[in-house]
Amino acid sequence: MITGKVAELLESTKYLQEVEVKGWVRSFRSNRFIALNDGSTINNMQCVVDYEKMNEALLKRITVGAAIKVTGTLTESLGSGQKVEIQVTNVEILGDADPEEVKYTILSPKRHTLEKLREQAHLRVRTNTFGAVMRLRSKLAFAVHSYFQQNNFHYVNTPIITGSDAEGAGEMFRVTSFDLDNIPRTEDGKVDFKEDFFGKETNLTVSGQLEGETYALGLGQIYTFGPTFRAENSNTSRHLAEFWMVEPEMAFCDLAGNMDIAEDFIKYVLKYILEHCKDDLAFLEERLANEDKAKPEAERSPMGLTDKLRFVIDNNFKRVSYTEAIDILKDSKPNKKKKFNYIIEEWGADLQSEHERYLVEKHFKCPVILFDYPANIKAFYMRLNEDGKTVRAMDILFPGIGEIVGGSQREERLDVLTKKMQALGIDEKELWWYLDTRRFGTCVHSGFGLGFERLVQFATGMGNIRDVIPFPRTPLNAEF
Ligand code: 4AD
Ligand code: MG
């Protein structure tokens with residue numbers, strides 16, 4: 001008896017052998033054909049039942065959504081659509097699913113909108129789309145580790161609870177063990193954080209970068225891959241309040257080296273899934289094509305999903321300075337015709353996603369790395385350029401996604417860094433440990449952060465970031 005996963009059995013040629021497989025019923029046609037899925041692959045195992053030999057009460061319990069164990073003979077399939085099938089000798093019901101109740105859920109066999117699926121995020125993984133997306137997400141995560149491990153990076157776990165605001169943007173979720181109805185106060189009425197669990201103000205991390213830097217200046221090359229949290233009230237298809245970020249940090253590496261690694265890394269992980277997720281990608285490609293058909297011509301994607309991935313892998317990302325980008329944008333049609341919501345008037349303007357998408361999708365038509373941004377629209381830790389007004393920042397912009405990576409060469413000079421912090425009102429005492437790295441063996445170093453869900457979005461073609469993470473956290477939504 002071979003006990004196997006559907007994925008393995010579908011590849012097997014051990015015909016006429018006894019097999020056992022467990023999974024969930026996707027459909028049961030004509031009292032004869034069970035489509036069984038166990039999550040190992042997008043493909044179902046066709047299990048053929050001889051209903052005349054089967055107990056009627058048992059047959060009735062083979063319903064959509066039920067968990068069953070099938071035993072039978074693996075045979076070459078005569079029907080189209082699959083190579084092998086199981087001629088069933090026995091079915092055991094492991095967990096019933098009452099059709100009367102199933103019909104009110106997204107398990108019911110009909111088309112459900114992605115919005116509807118989101119409301120039942122605990123069940124949506126049993127659909128083809130979410131099975132494919134989540135398997136692909138898992139493989140991408142493996143590829144992330146694989147890339148860095150192969151290239152001599154060490155995996156570092158930076159803290160999730162921290163006292164610092166790495167991005168200086170103030171978009172943090174507070175962590176406290178205070179009884180909110182009875183908050184200790186100081187004599188002048190302020191919240192007394194000395195009484196709180198950590199004896200100070202703490203929050204969920206927005207980025208592991210600052211701690212990551214300290215480790216790079218010791219381990220040489222590190223990466224983090226963990227959850228990060230942002231209390232920004234952005235209800236868009238690209239923002240989550242809880243998302244996963246990959247943050248490599250490299251000592252003795254400048255901005256050009258940083259861009260090289262980011263580009264190489266993205267190409268590697270996309271290539272990995274092209275090679276290892278063929279069935280899921282084929283499914284997602286078709287899903288996307290069908291979704292596209294419903295859109296007006298102009299909004300349709302010019303390339304299929306796998307072609308899009310291949311295009312990114314095969315072509316150099318276009319490297320463009322912020323200053324060049326501003327010139328292009330100022331001269332662009334949507335700017336002149338005032339079609340942008342934010343008109344680009346002069347150098348120094350912060351780029352909105354409409355501008356980023358114009359550059360990537362309309363102008364360059366390929367991934368773009370923008371670098372050397374104005375200092376005052378970027379974070380405090382970025383290396384100041386000789387011109388005194390730009391910093392060695394880089395953002396990677398992707399078609400359909402916008403910003404997928406944000407990174408920089410770091411300011412390694414203590415005097416320049418502290419001056420910048422003073423100007424921005426960042427407390428040196430809070431970041432004493434960060435500044436220590438600039439005191440003891442400071443060196444040129446760089447790193448970046450890649451939003452993992454945005455990568456999964458790009459790789460799967462899913463339009464909404466809420467559909468590439470199992471349980472999305474967004475403003476007013478923390479169900480499950
Ligand atoms: O550009 P960000 O804010 O950069 C940093 O946090 C740096 N400390 C990274 C570093 O240099 N180590 O964020 C990095 C990336 C963005 O490019 C984007 O892909 C993603 O994280 N990101 C989000 N993804 C989903 N939801 C959000 N709210 C996100 N905010 C940023
Ligand atoms: Mg950014």
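Start at 1 and go down the list; that is how both ligands and their atoms are numbered.
- Between the side chains of T162 and S164, at least one donor N or O sits under 3.5 Å from an acceptor N or O.
- The nearest protein atom to atom 15 (C) of ligand 1, hydrogens excluded, is given as G449 O, 3.6 Å; this is a heavy-atom distance.
- When the options T205, T228, V206 are evaluated for a side-chain contact (heavy atoms from CB on, under 4.5 Å) with E167, the one that passes is V206.
- Q150 and S146 form a side-chain donor-acceptor contact under 3.5 Å, judged by distance and modelled atom types alone.
- Atom 17 (O) of ligand 1 has E403 OE2, 2.6 Å as its closest protein atom, hydrogens excluded (heavy atom only).
- Contacts between E247 and ligand 1 below 4.0 angstrom, taking non-hydrogen atoms only, involve the side chain exclusively.
- Counting the atoms of ligand 1 from 1 in the order shown, those under 4.0 Å from a heavy atom of M245 are 6 (O), 13 (O), 14 (C), 15 (C), 21 (O).
- The ligand atoms of ligand 1 that sit less than 4.0 angstrom from a heavy atom of S207 are 6 (O), 8 (N).
- Ligand 1 is approached by R238 to a heavy-atom distance shorter than 4.0 Å.
- Atom 22 (N) of ligand 1 has as its closest protein heavy atom F243 CE1, 3.4 Å.
- Look at R410 and you'll find a heavy atom under 4.0 Å from some atom of ligand 1.
- From the protein, the heavy atom lying nearest to atom 20 (C) of ligand 1 is G451 CA, 3.5 Å.
- Side-chain contact annotation: Y147 with D264, donor-acceptor N/O pair under 3.5 Å present.
- T176 and D196 share a donor-acceptor pair across their side chains, judged by distance under 3.5 Å alone.
- Using cut-offs of 30° and 60° for the angle between ring planes, the F458 and F398 rings count as perpendicular.
- Between atom OG1 of residue T158 and atom CD of residue E213 there is a gap of 12.0 Å, rounded to the nearest 0.5 Å.
- Using modelled atom types, no side-chain atom of E249 and backbone atom of A216 make a donor-acceptor pair closer than 3.5 Å.
- Set against the non-hydrogen atoms of G406, the atoms of ligand 1 under 4.0 Å away are 1 (O), 9 (C), 10 (C), 11 (O), 17 (O).
- Tested against N37, the residues V6, N43, I42, N44 include a single side-chain contact (heavy atoms from CB on, under 4.5 Å) partner, N44.
- Residue S408 has no nitrogen or oxygen atom sitting less than 3.5 Å from a nitrogen or oxygen atom of ligand 1, judged on distance alone.
- Judged by distance alone, the side chains of E412 and T442 never bring a donor and an acceptor atom under 3.5 Å apart.
- At a cut-off of 2.8 Å, measuring from the Mg ion (ligand 2), the protein N, O or S atoms that fall short of it are E403 OE2, waters left aside.
- Among all non-hydrogen protein atoms, the one lying nearest atom 19 (O) of ligand 1 is I404 O, 2.9 Å.
- A donor-acceptor pair under 3.5 Å is absent between the side-chain atoms of N128 and the main chain of A132, judged by distance alone.
- No side-chain donor-acceptor contact under 3.5 Å links Y373 and S408.
- Within the 4.0 Å heavy-atom criterion, the part of Y381 lying near ligand 1 is the side chain and not the backbone.
- Side-chain atoms of E247 and S207 form a donor-acceptor pair, as typed in the model, at a separation below 3.5 Å.
- The only option from V468, L123, L114 that meets the side-chain contact (heavy atoms from CB on, under 4.5 Å) definition with F130 turns out to be L114.
- E428 and Y434 form no side-chain donor-acceptor contact under 3.5 Å, judged by distance and modelled atom types alone.
- For ligand 1 and G407, the ligand atoms under 4.0 Å from any heavy atom of the residue are 11 (O).
- With hydrogens and angles left out, the side-chain atoms of T390 and N385 include a donor and acceptor closer than 3.5 Å.
- Distances from ligand 1 to the non-hydrogen atoms of I465 include at least one value under 4.0 Å.
- For atom 28 (N) of ligand 1, the closest non-hydrogen atom on the protein side is E232 OE2, 2.8 Å.
- Proximity to V405 (heavy-atom distance under 4.0 Å) selects the following atoms of ligand 1: 17 (O).
- With hydrogens left out, the protein atom closest to atom 26 (N) of ligand 1 is L240 N, 2.9 Å, a heavy atom.
- Taking distance alone, with nitrogen or oxygen atoms compared against 3.5 Å, Q209 approaches ligand 1 more closely than that limit.
- Among protein heavy atoms, the minimum distance from atom 7 (C) of ligand 1 is reached at E167 OE2, 3.3 Å.
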